[in-house]
Amino acid sequence: MAPGSPLDKAQSQPRTRGEARRALLRERGVSLSDIARDLGKNLSVVSRVNSGQRRSREIEAAIAQSLGLSVREAFPEWYGDPPRPGEH
């Protein structure tokens, strides 16, 4: 994730990535409930994906779209750049 991205700025306060995504969604007038309803999914599943406890490409894409970010930017814990040779 590029330094200074919206998610990076939201994480500057002590919070998890899931909390940072939820705060950014709130700033944009969107809730996880809205996303769950739009996708026809259970809120608990959407919440678990947001917090990184579960994977769903469909839900990750919907959250990223609502944030105005790429999936890679919205979920760097799953889609970050692969390590460079020699890095662990």
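Residues: numbered from 1 along the sequence shown. Here the structure is a predicted model, which is why all the values come from computation and not from measurement.
- Atom CG in Asn50 sits 10.0 Å away from atom CD1 in Ile59 (nearest 0.5 Å).
- With rounding to the nearest 0.5 Å, the separation of CZ in Arg54 from CD in Glu60 is 11.0 Å.
- A search for side chain to side chain donor-acceptor pair (under 3.5 Å) contacts involving Asp38 returns nothing, not counting sequence neighbours.
- Here the side chains of Leu24 and Arg21 are not in contact, with every heavy-atom distance at 4.5 Å or above.
- Here the CG-CZ distance, from Asn42 to Arg48, works out to 7.5 Å after rounding to the nearest 0.5 Å.
- With contacts defined as side-chain heavy-atom distances shorter than 4.5 Å, the pair Pro76/Arg17 qualifies.
- Within the 4.5 Å cutoff, no side-chain heavy atoms of Arg15 are placed close to those of Arg22.
- Counting heavy atoms from C-beta on, the side chains of Ile35 and Leu25 come closer than 4.5 Å.
- The shortest side-chain heavy-atom distance between Val71 and Trp78 does not fall under the 4.5 Å cut-off.
- Looking only at distances, a side-chain donor or acceptor of Ser51 sits under 3.5 Å from a matching main-chain atom of Ser47.
- Annotation for Arg55: atom CZ counts as buried by contact number, over 12 foreign heavy atoms lying within 6.0 Å.
- If you check the side chains of Ser33 and Arg37, you find no donor sitting under 3.5 Å from an acceptor.
- Heavy-atom neighbours of Arg57 CZ from other residues, nucleotides or ligands within 6.0 Å: at or below the threshold of 12.
- Partners of Ser31 according to the side chain to side chain donor-acceptor pair (under 3.5 Å) rule, which considers only residues two or more places apart in sequence or in another chain, are Asp34.
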